Amino acid sequence: MRLFATGRALRVNSARWSIASPRRSLIRIPLSHRPDALAVPRRALSSTAIRRTDEKATGANGTIINGQSYRKDEWTNTPETILSHVGRRLYLDENHPLAITRKLIESQFPTPIYGNYSEQNPVVSTELNFDVLGFPLDHPGRSRTDTYYINDKTVLRTHTSAHEQAYFQQMNRNEKTRPEEVGYTLVADVYRRDAIDRSHYPVFHQMEGARLWKRPETEPLKHSAETAAAIMKDVNSIPAHDVAVEDPNPTFHPERNPLQDGQHSVEETEAMAAHLKRSLEQMVIKIFTEASKAAASTAGAEPEPLKVRWVEAYFPWTSPSWELEVFWQGDWLEVLGCGIIRQNLLNNSDVPHRIGWAFGLGLERIAMLLFNIPDIRLFWSRDERFLSQFKAGQITRFEPFSKYPACYKDVAFWLPSASVSSGSAAGGAMPVHENDVMEIVREMAGNLVEDVQLIDEFTHPKTHRKSMCYRINYRSLERTLVNEEVNDLHEKVRGKLVDLLSVELR
């Protein structure tokens with residue numbers, strides 16, 4: 001629901017269920033993070049200066065996606081390199097590791113209580129992607145540095161939660177035809193402008209789920225004890241487990257993790273939290289038990305004991321909220337985000353007489369652990385040496401088929417003078433954003449780049465101009481790159497940085 005005000009929890013990635021932050025020693029697997037933004041008018045949310053766009057990317061008259069034409073305007077920033085990923089639907093290829101992971105998760109949310117769905121069209125409105133879910137107007141996730149805009153009203157979805165309202169409305173419509181379906185899981189490809197490294201990719205996949213319960217239509221809080229009892233009956237139907245779980249914090253805290261006072265009672269919230277935690281613990285235990293078995297079979301050792309813990313979090317559309325972490329191979333790893341759905345969202349989704357919980361996770365994150373896949377680019381590979389290693393219903397450890405040499409190239413440049421002034425991640429006076437640099441490298445070199453790192457920055461003491469130096473690691477997963485090819489790619493990157501960002505090369 002790509003993540004996220006406590007000092008610990010308000011890491012403000014983009015508050016989009018993507019759990020990845022650089023705190024402590026947690027493993028950092030897919031997704032981005034940005035600092036809080038200053039309040040700026042909605043139309044000023046393009047956090048970069050209007051870049052000159054390449055007409056070849058989408059055509060002069062409009063952007064064609066899944067056969068439909070979308071108008072372009074000054075917000076359009078989605079290149080052909082990203083659009084080329086639309087329609088791959090890796091999660092539906094039964095022998096692909098993402099599809100195997102999806103099926104494993106869905107097995108923990110069986111029919112008829114849960115419907116298991118996928119959403120194949122990634123184009124959504126800004127209203128559904130942000131407004132309905134309560135994203136503030138100055139949220140960094142709205143900016144063109146973080147999000148691929150088709151135009152000012154339309155984006156490539158940044159999270160599966162863009163469909164939450166539609167699925168809640170579907171539950172309302174299905175009440176007579178499928179009353180037993182009171183929850184769902186959803187999988188889809190999502191798109192974000194982000195860093196380039198082995199654990200980040202601009203197109204990845206999310207799964208989320210939700211579970212709702214009915215309440216009396218009149219004065220529901222007066223009957224909250226009965227509602228809570230019904231929920232606890234469902235809690236008791238979930239099998240118990242014997243895994244050690246750390247959960248030191250109260251279910252809610254008035255400042256860090258508040259109860260939706262006036263909307264939910266203490267008893268209802270405690271019951272929903274118990275059902276949520278028991279359900280997700282079972283799912284995570286299943287996933288990591290399978291991962292431990294696969295790892296142990298390869299290493300010839302006993303599976304390591306599993307440890308799980310709950311920590312407080314913040315998301316715009318749930319309260320209270322949590323993240324679930326697993327101790328895996330010596331580190332605490334964030335696995336998912338979840339919480340009690342804000343009642344306003346349910347009220348606006350035609351289910352005002354229901355309450356419930358929701359969760360979200362990154363599918364690549366789980367698959368990389370299950371199959372020991374070291375580079376997120378591999379999921380998009382068409383190389384049979386990769387694809388032939390996986391079979392539906394089986395968890396096997398990935399065997400590297402080659403290790404091609406890396407080729408490092410540095411690019412240093414002076415930023416335009418305006419960039420030395422302050423600005424926010426969601427707009428203002430910052431004409432060059434790091435994600436713009438990443439996007440240019442990605443457009444020019446595609447999957448031939450393993451990572452891009454800022455290795456030096458310098459501000460001239462007299463002119464106050466700022467210089468940046470990035471190291472680009474060119475490495476193919478499937479073949480050896482020759483120097484001439486890398487040099488040509490690097491010159492194209494350098495030229496495009498000048499052309500689109502108006503930097504001065506050093």
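Not measured: the values here are computed from a predicted model. The first residue of the sequence shown is numbered 1, and numbering continues consecutively from there.
- Shown here are the side chain to side chain contact (heavy atoms under 4.5 Å, CB included) partners of Val266, two or more places apart in sequence or in another chain: Phe252, Leu259, Glu270.
- For Asp247, the side chain to side chain contact (heavy atoms under 4.5 Å, CB included) criterion is met by Lys277, Trp310, not counting sequence neighbours.
- Counting only N and O atoms by type, the side chains of Asp436 and His433 include no donor and acceptor under 3.5 Å apart.
- A 6.0 Å sphere centred on CG of Asp261 holds no more than 12 heavy atoms belonging to other residues, nucleotides or ligands.
- Relative orientation of the Phe135 and His139 rings is perpendicular, given thresholds of 30° and 60° on the angle between their planes.
- With hydrogens and angles ignored, the 3.5 Å screen pairs no side-chain donor or acceptor of Ser319 with any backbone N or O of Gln260.
- For His96, there are no ring pair (Phe, Tyr, Trp, His ring centres under 6.0 Å) partners, not counting sequence neighbours.
- Side-chain contact of His264 with Gln343: a donor-acceptor pair under 3.5 Å is present, judged by distance alone.
- Residues His205 and Glu364 meet the side-chain proximity criterion, which asks for heavy atoms closer than 4.5 Å.
- Heavy atoms only, all atoms of each residue included: Val243 and Leu306 are closest at CG1-O, 3.4 Å.
- Using a 30° and 60° split on the angle between ring planes, His159 and Phe130 fall in the tilted class, from 30° to 60°.
- Side-chain contact check for Tyr184 versus Met171: some heavy-atom pair is nearer than 4.5 Å.
- What you find for Ala195 and Asn435 is that their closest heavy atoms are N-OD1, 4.2 Å.
- Here salt bridge (Lys or Arg N to Asp or Glu O under 4.0 Å) pairs that include residues 337-360, with residues two or more places apart or in two chains, are Glu175-Arg354.
- Considering CD1 of Ile440 and CG of Leu500, their distance stands at 4.5 Å, rounded to 0.5 Å.
- When all heavy atoms of Thr318 and Cys338 are compared, the pair lying nearest together is OG1-O, 4.1 Å.
- The heavy-atom pair separating Glu290 from Leu370 by the smallest distance is CB-CD2, 4.2 Å.
- Looking only at side-chain heavy atoms (C-beta outward), Asp189 and Arg88 stay at 4.5 Å or farther from each other.
- Here CD of Glu281 is found 7.0 Å from CG of Leu324. Values are rounded to the nearest 0.5 Å.
- Centroid-to-centroid, the aromatic rings of His253 and Trp322 stay 6.0 Å apart or farther.
- Taking the side chain as every heavy atom from C-beta outward, Phe288 and Val335 approach each other to under 4.5 Å.
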Test side-chain contact (heavy atoms from CB on, under 4.5 Å) on Leu92 and Gln120; report intermediate values, then the result.
CA-CA 10 Å; Leu92 296 181; Gln120 298 180 17; 3.5 Å; yes
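- Note that NE2 of His275 is 12.5 Å distant from NZ of Lys233, once rounded to the nearest 0.5 Å.
- Looking at Asp93 and Arg102, no side-chain N of the basic residue comes within less than 4.0 Å of a carboxylate O on the acidic one, giving no salt bridge.
- Counting heavy atoms from C-beta on, the side chains of Thr158 and Val190 never come closer than 4.5 Å.
- By the side chain to side chain donor-acceptor pair (under 3.5 Å) test, Glu127 pairs with no residue at all, sequence neighbours left out.
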Verdict with supporting geometry, Ile65 and Ile150, side-chain contact (heavy atoms from CB on, under 4.5 Å)
CA-CA 10 Å; Ile65 304 175; Ile150 307 303; 3.5 Å; yes
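- Between the OG1 atom in Thr111 and the CD atom in Glu181 there is a gap of 8.5 Å [rounded to 0.5 Å].
- With Asp152 as the partner, the salt bridge (charged side-chain N to carboxylate O under 4.0 Å, His left out) test is satisfied by one option alone out of Lys72, Arg144, Arg71, Arg142: Arg71.
- Between Tyr91 and Phe379 the shortest side-chain heavy-atom distance does not fall below 4.5 Å.
- Side-chain polar atoms of Asn447 and Tyr201 form a donor-acceptor pair below 3.5 angstrom.
- With rounding to the nearest 0.5 angstrom, the OG1 atom of Thr126 is 15.5 Å from the CZ atom of Arg157.
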Tabulate below the donor-acceptor pairs under 3.5 Å that side-chain atoms of residues 224-232 make, not counting sequence neighbours, or state none.
| unit_1 | atom_1 | unit_2 | atom_2 | d |
| --- | --- | --- | --- | --- |
| Ser224 | OG | Leu221 | O | 3.1 |
| Ser224 | OG | Ser265 | OG | 3.3 |
| Thr227 | OG1 | His223 | O | 3.4 |

Val124 and Val155: side-chain contact (heavy atoms from CB on, under 4.5 Å), yes or no, with the steps?
CA-CA 6 Å; Val124 299; Val155 299; 3.8 Å; yes
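- A 4.5 Å side-chain heavy-atom check between Asn66 and Val123 finds every atom pair outside the cut-off.
- Side chain of Thr160 to main chain of Met207: no donor-acceptor pair is present (N/O by atom type, distance under 3.5 Å, no hydrogens or angles).
- Smallest separation of non-hydrogen atoms from Val235 and Ala271: CG2-O, 3.9 Å.
- Qualifying side chain to side chain contact (heavy atoms under 4.5 Å, CB included) partners for Gln108, counting only residues two or more places apart in sequence or in other chains: Met283, Lys286.
- Remark: the Ser161 side chain and the Glu208 side chain contain an N/O donor-acceptor pair separated by less than 3.5 Å.
- The ring pair (Phe, Tyr, Trp, His ring centres under 6.0 Å) test applied to Tyr114 returns Phe109, not counting sequence neighbours.
- Residues passing the side chain to side chain donor-acceptor pair (under 3.5 Å) test with Arg198, sequence neighbours excluded: Glu450.
- A donor and an acceptor atom, one from each side chain of Asn151 and Thr76, are nowhere located under 3.5 Å apart.
- Considering CD of Glu323 and CH2 of Trp332, their distance stands at 13.0 Å, rounded to 0.5 Å.
- In this structure Arg278 satisfies the side chain to side chain donor-acceptor pair (under 3.5 Å) test with no other residue, sequence neighbours excluded.
- Scanning both residues, Pro316 and Gly134, for their nearest heavy atoms gives CB-O, 4.0 Å.
- Using cut-offs of 30° and 60° on the angle between ring planes, the pair Tyr167 and His163 is perpendicular.
- Considering only heavy atoms from C-beta on, Leu369 comes within 4.5 Å of Leu333 through its side chain.
- Put simply, the side chain of Gln282 gets close to the backbone of Pro239: a donor and an acceptor are under 3.5 Å apart.
- Salt-bridge check for Lys466 with Glu457: passed, with a basic side-chain N closer than 4.0 Å to an acidic carboxylate O.
- Remark: Tyr148 engages Asn77, Thr78, Pro79, Ile82, Leu156, Tyr191, Arg193, Pro202, Glu439, Arg442 in a side chain to side chain contact (heavy atoms under 4.5 Å, CB included) (not counting sequence neighbours).
- Distance alone, capped at 3.5 Å, is enough to place a donor-acceptor pair between the His85 side chain and the Thr81 backbone.
- Panel note: side chain Gln165, backbone Asn348; a donor-acceptor pair is recorded below 3.5 Å.
- Lys153 is linked by a side chain to side chain donor-acceptor pair (under 3.5 Å) to nothing, counting only residues two or more places apart in sequence or in another chain.
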